[in-house]
Amino acid sequence: MVKKTAERIYLGLIFLFLYLPIVVLIVLSFNDSKTRVQWGGFTLKWYQNLFDNSMITNAFGTTIFITLASALLATVLGTLAAIGIHAMRAKNQAIMLGATNIPLLNADIVTGLSMMLLFVRFMDLELGMATVLIAHITFNLPYVILNVLPKLKQCNQNTYEAALDLGATPLYAFFKIIWPQIRAGVFSGFLMAMTMSMDDFSITYFTKGAGVNTLSTMIYTQMKRGVIPEMYALSTILFLIALLLLLAMNFGSSRKEKMKMRERI
Amino acid sequence: MRKLGRQLLAGPYLVWIIGFILLPVVVILYFALTNSEGDFTLSNILAIGDPIHLKALFLSLRLAVVCTVICLILAYPLAMILNKTGRKRQNLIVFIFILPMWMNFMLRILAWRMLLNNNGVINTLLETLGLPTLNIINTSTAVVFCMVYDFLPFMVLPIYNSMARISQDVVEAARDLGAGSVTVFFKIILPLTLSGVISGIIMVFVPALTSFAISDLLGGGKVMLIGNVIEQAFNQQFNWNLGSGLSIVLMIFVVVSMALMSAHDKEGGGAGVW
């Protein structure tokens, strides 16, 4: 009994630690006082300002574009790569996977800086949307490959070969046999890539040009200048989006699990 | 023949590896080993011996260790409690602990600044209660607070996953053979979760060692970590060679600490368990 209570208290304290900062931001987003944290009455004006501020809406748009585009391209490139790597001899596989691990293990700041040096000094590219996109695809690729490869290893190679022997074209055999078996891995790779891309700061910071901002780099610049209360409103909205997305995914997966259970019965 | 065709699918990725993974490493090595005229020099790497840089490196290592230890102490019991709760509530609780992770990284820093500021939420509360106020903004304490907040999930999830994999049969077998809770913990739970602990340590230690944004925004320029030194070498002094040299040193530290941890993993997680 005592143990149970202690556990409850512990969970409660961690819960407080995790959510107190978020609650503070949400409460402050309705606070009609610009500088002090004291309560100055209820207001929605920060939300109004938020939607009128083109700097913030632009950063929001850029974030969504970079996140979706980089995750999508990394998923296509990464899935193809995983299929190719899977067909290689063990030694070549090890080399490819070793290289795949580099952006995963390297410090973000070093990855960002080395790519910036490559773009500016070696390729003579101007920093901007394209360089951010390339950088994001690069650090997203390992997540896709490492999610798809285990699924490919679980596939029975013979069924694919059998389909080919029976006259299926490789593409048809792929979509009929391999794809259903790796789909879950591709999807979780895509989701992971999206999460990483959305939350990235360091790599974007070094590879973006002067005019381009994602939410992370925009908030950073604003915080360096001094806090503007619109950021609190932005936090509340982003928190709600995260909540809804996670809820949707959670319910989706638990429904799937229920279906699986039923199938077994 | 068929295999060769499939291997070609990795072709675009191979080009990507060479162009955007290996080439950047070569370029940063080139900058690290040359001076502004392009002549070979080791001075950018040896610049780590400069007292200011050395101080930043030691502070980074110290804060990263402190942050990792706090995360481990907080996360291990948490993972145990999460693992014990019933199936139905488990999903909900895991969900609750993952949700804050989905908040933007920068906004989480902003939140801590509002909490810890001298006229922030915590101090305002303390003042109304008539208690002495805290002065932790712009100190390493504030930086560690935020680091723990940011990186805690990276510690919880691998430990929780390794714990969920432990078969209940093993634990019950040990109990049947007369092991008490303490023995079960040290002989079964701890060894079997060691691989999770180690990946957790790596996933917290490396970003804590190399981050610069948290110390920049919560340290008020007073907490200089090695990441801040590198960032300033690039963006303020425009000394790209020096910045590259220090980056290489940082990379070596990351690789060494990871090698140390995974060597330990092989001893502890493999044959040593049984």
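Reminder, nothing fancy here: chain letters follow the sequence lines and each chain counts from 1. Computed from a prediction, not measured in an experiment: that's the story for all the values here.
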Part of residues 238-246 of chain B lying next to chain A, heavy-atom separation under 4.5 Å
B:Trp240, B:Ser244

With a 4.5 angstrom heavy-atom cut-off, could you sort out which part of A:Met123 is near chain B: side chain, backbone, both or neither?
side chain

Counting only heavy atoms closer than 4.5 Å, note whether A:Phe239 contacts chain B via side chain, backbone, both or neither.
both

Short side-chain to backbone donor-acceptor contact, B:Tyr13 and A:Thr79, under 3.5 Å
no

Below 4.5 Å from any heavy atom of chain B, which atoms of A:Phe174 appear? Answer side chain, backbone, both or neither.
neither

Any side-chain to backbone donor/acceptor pair from B:Arg113 onto A:Met223? Under 3.5 Å, distance only.
yes

Once side chain to side chain contact (heavy atoms under 4.5 Å, CB included) is applied, do any residues pair with B:Met224, and if so which ones, sequence neighbours excluded?
B:Asn228, B:Val229, B:Gln232

Identify, with sequence neighbours excluded, every residue that meets side chain to side chain contact (heavy atoms under 4.5 Å, CB included) alongside A:Met196.
A:Phe139, A:Asn140, A:Tyr143

Toward chain A, the part of B:Leu217 with a non-hydrogen atom under 4.5 Å
side chain

A:Gln93 versus chain B, the contacting section by heavy-atom distance below 4.5 Å
neither

Please state whether the rings of B:Phe105 and A:Phe201 are parallel, tilted or perpendicular, taking 30° and 60° as the class boundaries.
tilted

Measure A:Thr195 against the heavy atoms of chain B and call it side chain, backbone, both or neither at under 4.5 Å.
side chain

With heavy-atom distances below 4.5 Å as the criterion, would you say the side chains of A:Leu18 and B:Ile96 are in contact?
no

Heavy-atom proximity to chain B below 4.5 Å, by part of A:Phe122:
side chain

Do A:Asp108 and B:Thr210 pass the side-chain hydrogen bond (donor to acceptor under 3.5 Å, both in side chains) test, and can you show the C-alpha distance, the side-chain angles, and the key distance before you say yes or no?
CA-CA 8 Å; A:Asp108 279 359; B:Thr210 61; over 6 Å; no

Considering only heavy atoms, which portion of A:Ile145 lies under 4.5 Å from any heavy atom of chain B: side chain, backbone, both, or neither?
side chain

Can you tell which part of A:Leu141 gets under 4.5 Å to a heavy atom of chain B, answering side chain, backbone, both or neither?
side chain

Who in residues 142-150 of chain B is close to chain A, using a strict under-4.5 Å heavy-atom cut-off?
B:Phe145, B:Val148, B:Tyr149

